[in-house]
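Notes follow once the structure below has been shown.
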Amino acid sequence: MSPADHATSSELRSGLQIEFRDVTKRYPGQDRPAILDLSLTVPAGSICCLVGPSGGGKTTAMKMVNRLIEITSGDILIGDKSVRKTNVTALRRDIGYVIQQVGLFPHMTVGGNIGVVPTLLGWSKERIRNRADELLDLVRLDRALAKRYPGQLSGGQQQRIGLARALAVDPPVMLMDEPFGALDPITRSAVQDEFLRLQSQIRKTVIFVTHDIDEAIKMGDRIAVLREGGVLAQYGTAEELLASPADDYVADFVGADRGLKRLSLRRMRDLVPDGAAARPAEQPRGAGRSIPDGAPTVSAEETLRVGLSVLFATGAPVLGITERDGSPLCSVTLDELREAVTASPASNR
Ligand code: ADP
Ligand code: MG
């Protein structure tokens, strides 16, 4: 199979591991490095969020992966290949790139925009059209949009097209720099959900830059917190960062409400004992009791944070958990909810 034959839905290229090895970046004329001795490994098929203060080196770290910025010392490996030893054109072809400003060409149709890299690779018109249709399906936009111009789309639609374009030749690696930062909160949340759904199908290795810790908690399988001067403060899962921040800086960065944020990592379903739905009504104590008359309820798909909020808002002593269709599962108390969070760490995606 030649490289140009990639990108049919039957032969998706899943992600490759990315490894930063003692990477340092010094810009000419700057007295301190933008990134200092960064070492971390992003497992294949996972999302790594880079967070930190403005000027902390997030964009610099990301752009060294596709060599939009050259590494001063150290190396980055994609799979087992050094980016420093890979031809830049070939390297970038295998790395999808999504930025906040989207950067669609305004004078080209959506279909034309999605087809930019495939055209460079010499794909036939028909193949490019088919791929554009496939990608529009993937990002859940109407295929008819292929004929429109970017200016005729909403911000959220443009960002989805930006994603589709980045995925056009099915790269194993995606770099995303504050990709949803310019969207209003509701659109942003929808596009985040959309990307997570997409990622569960395509399993790329993603480096996702954001300054927003909540976005990092939502999107990242792992989170790298950078501090001023481009130094890695902590690298771990959201649960690890929230449950045991490495130092005061990280604790501060994840927020004094990190206990509440941990609640967002878990679903009410985690508190439902096996077979709860089939359980007869009399089960006197402990999680798994039936739902008392008049108790407030939440769906098992909601987070513990939502459950807690409902308990607080209603002042009720117990909270019922139901299936999405409202059929009852069991009930929990405030104490049980708290124990569930402090006792066992959340499983990671
Ligand atoms: P972030 O994305 O976290 O906001 P950047 O990676 O853009 O941070 O910048 C990190 C540091 O490097 C900042 O101090 C910034 O001023 C500096 N910097 C970024 N790009 C350049 C450049 N081309 N030349 C000199 N300094 C730069
Ligand atoms: Mg930046």
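Between Glu336 and Arg338 there is no salt bridge, since no side-chain N of the basic residue sits under 4.0 Å from a carboxylate O of the acidic one. Of the charged side-chain nitrogens involved, none lies within less than 4.0 Å of a carboxylate oxygen, so that Lys85 and Asp75 do not count as a salt-bridged pair. Salt bridge Arg143/Glu134: absent, no basic N to carboxylate O contact under 4.0 Å. Using a cutoff of 4.0 Å between basic side-chain nitrogens and carboxylate oxygens, Arg188 and Asp212 are scored as salt-bridged. Glu301 and Arg267 are not joined by a salt bridge, as no carboxylate oxygen comes within less than 4.0 angstrom of a charged side-chain nitrogen.
Residues Thr333 and Leu311 have side chains not in contact (no heavy-atom distance under 4.5 Å, counting atoms from C-beta outward). Between Tyr149 and Val110, the closest side-chain pair of non-hydrogen atoms is not below 4.5 Å. Taking 4.5 Å as the limit, some side-chain heavy atom of Leu141 sits within range of a side-chain heavy atom of Arg160. Side-chain contact between Leu329 and Glu323 is present, with heavy atoms from C-beta onward closer than 4.5 Å. Side chains of Asp94 and Val173 form no contact here, defined as non-hydrogen atoms less than 4.5 Å apart. Looking only at side-chain heavy atoms (C-beta outward), Asn66 and Leu175 come within less than 4.5 Å of each other. Side-chain contact between Lys261 and Arg305 is present, with at least one heavy-atom pair separated by less than 4.5 Å. Considering only heavy atoms from C-beta on, Arg93 comes within 4.5 Å of Leu121 through its side chain.
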Derivation of the side chain to side chain contact (heavy atoms under 4.5 Å, CB included) call for Met219 and Leu196
CA-CA 7 Å; Met219 304 303 287; Leu196 287 175; 3.8 Å; yes
| task | Walk me through it: do Asp142 and Leu136 pass the test side chain to side chain contact (heavy atoms under 4.5 Å, CB included)? | result | CA-CA 7 Å; Asp142 192 326; Leu136 287 168; over 6 Å; no
*asked:* Using the rule given for side chain to side chain contact (heavy atoms under 4.5 Å, CB included), can you reason through Met176 versus Ile47, listing the C-alpha separation, both sets of side-chain angles and the distance that settles it, and then say yes or no?
replied: CA-CA 10 Å; Met176 304 175 76; Ile47 301 178; over 6 Å; no
**Pair Leu271-Leu337, side chain to side chain contact (heavy atoms under 4.5 Å, CB included): steps then yes or no** = CA-CA 8 Å; Leu271 306 188; Leu337 219 148; 4.3 Å; yes
Next on the checklist: Working note: Thr210 + Glu215, criterion side-chain hydrogen bond (donor to acceptor under 3.5 Å, both in side chains); need CA distance, chi angles, decisive distance, verdict.
Outcome noted: CA-CA 7 Å; Thr210 174; Glu215 183 169 50; 2.8 Å; yes
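A donor-acceptor pair is defined here as one N or O able to donate and one able to accept, closer than 3.5 Å; such a pair exists between the side chain of Arg266 and the backbone of Ala340. Looking at Arg92, its side chain does come within 3.5 Å of a backbone N or O of Arg67 through a donor-acceptor pair. Side-chain atoms of Arg26 never come within 3.5 Å of backbone atoms of Thr72 as a donor-acceptor pair (strictly under, hydrogens ignored). Checked by atom type and distance alone, the side chain of Thr205 pairs as donor or acceptor with a backbone atom of Gly45 at under 3.5 Å. Checked by atom type and distance alone, the side chain of Gln17 never pairs as donor or acceptor with a backbone atom of Pro43 at under 3.5 Å. Side chain of Lys58 to main chain of Gly52: a donor-acceptor pair is present (N/O by atom type, distance under 3.5 Å, no hydrogens or angles). Counting only distance, with no hydrogens or angles, the side chain of Thr119 and the backbone of Gly115 share a donor-acceptor pair below 3.5 Å. Between the side chain of Asp257 and the backbone N or O of Leu260 there is no donor-acceptor pair closer than 3.5 Å. Here the side chain of Asn113 pairs no donor or acceptor atom with the backbone of Val116 at under 3.5 angstrom. Under the 3.5 Å distance criterion, the side-chain polar atoms of Gln157 are matched with a main-chain donor or acceptor of Ser154.
Heavy atoms only, all atoms of each residue included: Gly15 and Ala44 are closest at O-CB, 3.5 Å. The two residues Val318 and Pro296 have their closest heavy-atom pair at O-CD, 3.5 Å. Of all non-hydrogen atoms in Gln158 and Pro150, the two that sit nearest each other are NE2-O, 3.2 Å. Minimum heavy-atom separation, Val23 to Ile76: CG2-CG1, 3.7 Å. For the pair Ser39 and Leu232, the tightest heavy-atom approach, listed with the atom from each and the gap, is O-CD2, 3.9 Å. The minimum heavy-atom distance linking Arg84 with Gly74 is given by the pair NH1-O, 2.7 Å.
To the nearest 0.5 Å, atom CD1 of residue Ile202 and atom CE of residue Met174 are 6.0 Å apart. Expressed to the nearest 0.5 Å, how far OG of Ser189 lies from CG of Leu183 amounts to 11.0 Å. The CZ atom of Phe195 sits 10.0 Å away from atom NZ of Lys204, with the distance rounded to the nearest 0.5 Å. The line from CD of Gln192 to NZ of Lys218 is 4.0 Å long, rounded to the nearest 0.5 Å. Between Arg13 atom CZ and Asp170 atom CG the span is 5.5 Å, to the nearest 0.5 Å. We find the CG-CD distance between Leu226 and Gln234 to be 12.0 Å, quoted to the nearest 0.5 Å.
Crowding of Gln201 atom CD: a count of heavy atoms from other residues, nucleotides or ligands under 6.0 Å exceeding 12. The number of heavy-atom neighbours closer than 6.0 Å to CG of Asp325, taken from other residues, nucleotides and ligands shown, is above 12. Annotation: Asp335, atom CG; neighbour count of heavy atoms from other residues, nucleotides and ligands within 6.0 Å is above 12.
If you chain together hydrophobic residues whose side chains sit under 4.5 Å apart, Val209 and Phe20 fall into the same group. Leu198 and Leu145 fall within the same hydrophobic cluster, where Ile, Leu, Val, Met, Phe, Trp and Tyr residues are linked whenever their side-chain heavy atoms come under 4.5 Å apart, directly or through other members. Residues Tyr235 and Phe253 are members of separate hydrophobic clusters, defined by side-chain heavy-atom contacts under 4.5 angstrom among Ile, Leu, Val, Met, Phe, Trp and Tyr. A continuous path of ILVMFWY side-chain contacts below 4.5 Å connects Val191 to Leu104, so both sit in one hydrophobic cluster. Both Ile18 and Leu50 are part of a single hydrophobic cluster, where members link through side-chain heavy atoms under 4.5 Å apart.
Screening Thr59, Ile207, Val98 for a side-chain contact (heavy atoms from CB on, under 4.5 Å) involving Asp177 leaves a single residue, Thr59. Considering Met62, Met64, Lys63 in turn, Met64 is the only one that fulfils the side-chain contact (heavy atoms from CB on, under 4.5 Å) rule with Thr60. The only member of Thr297, Val298, Val272 that meets side-chain contact (heavy atoms from CB on, under 4.5 Å) when paired with Thr322 is Thr297.
Grouping Ile, Leu, Val, Met, Phe, Trp and Tyr by side-chain contacts under 4.5 Å, direct or through others, puts Val231 with Leu36.
With a 6.0 Å cutoff to the six-membered ring centre and a 45° limit on the axis angle, Arg227 counts as a cation-pi contact of Tyr249.
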